[in-house]
Asks: 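One structure, pasted below without further comment.
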Amino acid sequence: METKDIHLVYGTDDNYVFPTAVSAASAAFYLRPGERLTLHLFDLGVSDAHYEEYCALVRRANATDAVSLVRHRLNKEMFEGFGAWRGSVVTYSRMMMEELLPDLDWAIYFDGDTLWLGSPGELWDLRDESKLILASVDPPTPMGTENPEFAWYRERGLDVDASGYLCMGLMLANLKTMREARIAARCRAFMKEFPNPRVVDQTVLNLVCQGRTAPLPPQWGVFSVWHGSVDLSKPSAVHYVTDVPWKRQKLNRLFSDVVLLWFEFCKRVLGRDELARFSPWCRFWRRGAFVILKHCQWALNVHPYVKSRLRNTHGIPRHAYQSIVERWTRGGQA
Ligand SMILES: [Mn+2]
């Protein structure tokens, strides 16, 4: 059997190491025989202690030598003049992948607020030489209104086809062709002309790569606030956009089924009880409210505003949820 060499990239600063480790560990967990995974970490200030912890968590999910870890230390100067971002500037490294990984033809980039529910090998097989980037579907806004991103482009006289707009939080990047098309240099030129793009690198990449991108099948990058009809017990990946499981401060951040999956993975595979960080009362009411809502979809349909404010009220069918969790209990390569 030929070995499949998969390259998966994450970028993080010191604050985001743990979620990144959870996502990287979930990718390693699902690796199949005949697949090799290299995890590249674009590191912007990760402490050595945190890096060790990240490696240990990945190893806990998959201790075989099919997984290798590579640390790429970045320095802040490469993002000079790019403007502040509400997260970390390391997000911009996505635009520079072709230069940061000069020996690779292809790489997968994943945000840290994600969880794999299938092998990265499945996603790797979707490489398409005619495209620069294959990225996840950007769901419609909750109220069906126009994505404010398009107003941003319009105000600057930039023409972007709304139907081709993608979420770059999960992408399969054709680094060889991007290098030939000098995408990184074009992104830098864009940043010079339009500093502080609305959704950072996503705003830039959608414009610069326009016409040479394609959406991934909807199961790759399912928004946790919008998972609709995707069967998560099949190979897929969840993206916790604006719904990161480890933050439950706002009233509408409930313990939905898809959020609980993240905690189940931490507990069963990584031996970390992250739910214990929340008070029993917080766990009780946020879970209780979700269970009531998931059985009362009719009540949410009175007005789309209600549903959009409550975010994710869709449950995962019981058999699907159980099959995902049982797989974690059994262990990897099972
Ligand atoms: Mn994200």
Side-chain angles (χ1 to χ4, degrees), residues 9 11 42 78-100 107-114 128 130-175 177-218 220-226 228 239-243 304-305 308 311:
V9 182
F42 289 169
M78 69 178 283
F79 307 114
E80 220 158 60
F82 281 17
W85 164 241
R86 60 175 185 268
S88 165
V89 287
V90 75
T91 315
Y92 285 118
S93 60
R94 252 192 298 219
M95 308 188 299
M96 313 297 158
M97 270 202 293
E98 73 198 50
E99 296 173 351
L100 293 167
I108 297 171
Y109 183 100
F110 255 50
D111 276 358
D113 57 343
T114 52
D128 174 348
S130 72
K131 301 284 184 266
L132 290 173
I133 288 175
L134 295 107
S136 56
V137 171
D138 198 63
T141 58
M143 295 289 286
T145 49
E146 189 195 53
N147 182 339
E149 183 84 325
F150 299 113
W152 190 93
Y153 286 127
R154 257 198 319 272
E155 280 159 22
R156 285 153 188 83
L158 302 166
D159 189 21
V160 172
D161 170 25
S163 69
Y165 187 83
L166 297 169
C167 169
M168 298 293 176
L170 277 82
M171 63 158 119
L172 188 51
N174 186 344
L175 301 183
T177 313
M178 288 172 88
R179 228 169 271 133
E180 286 160 11
R182 304 188 65 245
I183 296 299
R186 289 168 61 191
C187 289
R188 269 193 292 266
F190 181 97
M191 293 298 295
K192 232 181 197 151
E193 207 174 343
F194 307 101
N196 284 314
R198 236 193 114 257
V199 195
V200 276
D201 57 301
Q202 177 164 307
T203 306
V204 185
L205 287 169
N206 269 290
L207 184 101
V208 170
C209 300
Q210 185 161 216
R212 299 180 71 186
T213 61
L216 289 168
W220 295 109
V222 183
F223 278 36
S224 70
V225 289
W226 179 81
H239 190 181
Y240 293 98
V241 181
T242 68
D243 184 36
Y305 181 80
S308 74
R311 303 177 158 251

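Side-chain atoms are counted along with the backbone in the values below, which use heavy atoms only and exclude waters and symmetry mates.
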Asks: So do the side chains of Phe190 and Leu158 get within less than 4.5 Å of each other, counting heavy atoms only?
Replies: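 A side-chain contact exists here, since the closest heavy-atom pair is under 4.5 Å.
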Asks: Check whether any side-chain heavy atom of Asn147 sits under 4.5 Å from a side-chain heavy atom of Arg198, and report yes or no.
Replies: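 In contact.
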Asks: Please indicate whether Asp161 has more than 12 foreign heavy atoms, meaning atoms of other residues, nucleotides or ligands, lying under 6.0 Å from its CG.
Replies: yes
Asks: Looking at Met168, is its backbone amide N or carbonyl O close enough to the side chain of Gln202 to form a donor-acceptor pair, meaning the two atoms are under 3.5 Å apart?
Replies: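 Confirmed, Gln202 side chain pairs with Met168 backbone.
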Asks: Let me know which of Leu216, Asp111, Thr213, Leu205 forms a side chain to side chain contact (heavy atoms under 4.5 Å, CB included) with Met171.
Replies: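 Only one of Leu216, Asp111, Thr213, Leu205 forms a side chain to side chain contact (heavy atoms under 4.5 Å, CB included) with Met171, namely Leu205.
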Asks: Can you tell me how far CG of Asp113 sits from NE2 of His239, rounded to the nearest 0.5 angstrom?
Replies: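 Here the interatomic distance stands at 3.5 Å.
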Asks: Quick check for you: to the nearest 0.5 Å, what is the distance between Asn206 atom CG and Asp201 atom CG?
Replies: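 The distance works out to 9.5 Å.
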Asks: For the OH atom of Tyr92 and the CE atom of Met191, what is their distance to the nearest 0.5 Å?
Replies: 3.5 Å
Asks: Looking only at heavy atoms, which two atoms of Cys167 and Ala135 are closest? And how far apart?
Replies: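 For Cys167 versus Ala135, the nearest heavy atoms are O-CB, 3.5 Å.
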Asks: With a 4.5 Å heavy-atom cut-off, do Met95 and Val200 have their side chains touching?
Replies: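 The answer is no; the side chains never approach within 4.5 Å.
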Asks: Can you tell me if CZ on Arg156 sees more than 12 non-hydrogen neighbours from other groups inside 6.0 Å?
Replies: yes
Asks: Could you pull out the closest heavy-atom pair between Gly169 and Arg94, with the gap in Å?
Replies: CA-NH1, 3.1 Å
Asks: Inspect the contact between Arg188 and Glu99 and indicate whether a charged nitrogen and a carboxylate oxygen are less than 4.0 angstrom apart.
Replies: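 Salt bridge present between Glu99 and Arg188.
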Asks: Of all the heavy-atom pairs spanning Ala107 and Val9, show the shortest one and how long it is.
Replies: CB-CG2, 4.0 Å
Asks: Might you work through the side-chain contact (heavy atoms from CB on, under 4.5 Å) test for Leu166 and Asp138, ending with a clear yes or no?
Replies: CA-CA 5 Å; Leu166 297 169; Asp138 198 63; 5.7 Å; no
Asks: Rounded to the nearest 0.5 Å, what's the gap from CH2 on Trp220 to CZ on Phe110? Could you check?
Replies: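 Result: 6.5 Å between the selected atoms.
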Asks: First locate atom CD1 of Ile183, then atom CZ of Arg186, and finally report the distance between them rounded to the nearest 0.5 Å.
Replies: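 Result: 4.5 Å between the selected atoms.
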Asks: Provide the closest heavy-atom pair for Gln210 versus Val160 in the form atom of the first, atom of the second, distance.
Replies: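 For Gln210 and Val160, the tightest heavy-atom pair comes out as OE1-CA, 3.2 Å.
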Asks: Kindly indicate whether the side chain of Arg212, heavy atoms from C-beta on, has any atom under 4.5 Å from the side chain of Asn174.
Replies: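 No. Closest side-chain heavy atoms not under 4.5 Å.
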Asks: Hey, could you give me the OG/CZ distance between Ser136 and Phe223, rounded to the nearest 0.5 Å?
Replies: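 Ser136 OG to Phe223 CZ: 6.0 Å, rounded to 0.5 Å.
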Asks: Quick one: closest heavy-atom pair of Ser93 and Phe42, and the distance?
Replies: OG-CD1, 3.4 Å
Asks: Do the side chains of Met78 and Met96 get nearer than 4.5 Å, heavy atoms only?
Replies: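 With C-beta onward as the side chain, the pair touches.
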Asks: Classify the ring geometry between Tyr165 and Tyr153 as parallel (under 30°), tilted (30 to 60°) or perpendicular (over 60°).
Replies: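 Tyr165 and Tyr153: perpendicular rings.
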Asks: I need the minimum non-hydrogen distance between Ala151 and Glu146, along with the two atoms involved.
Replies: N-OE1, 4.0 Å
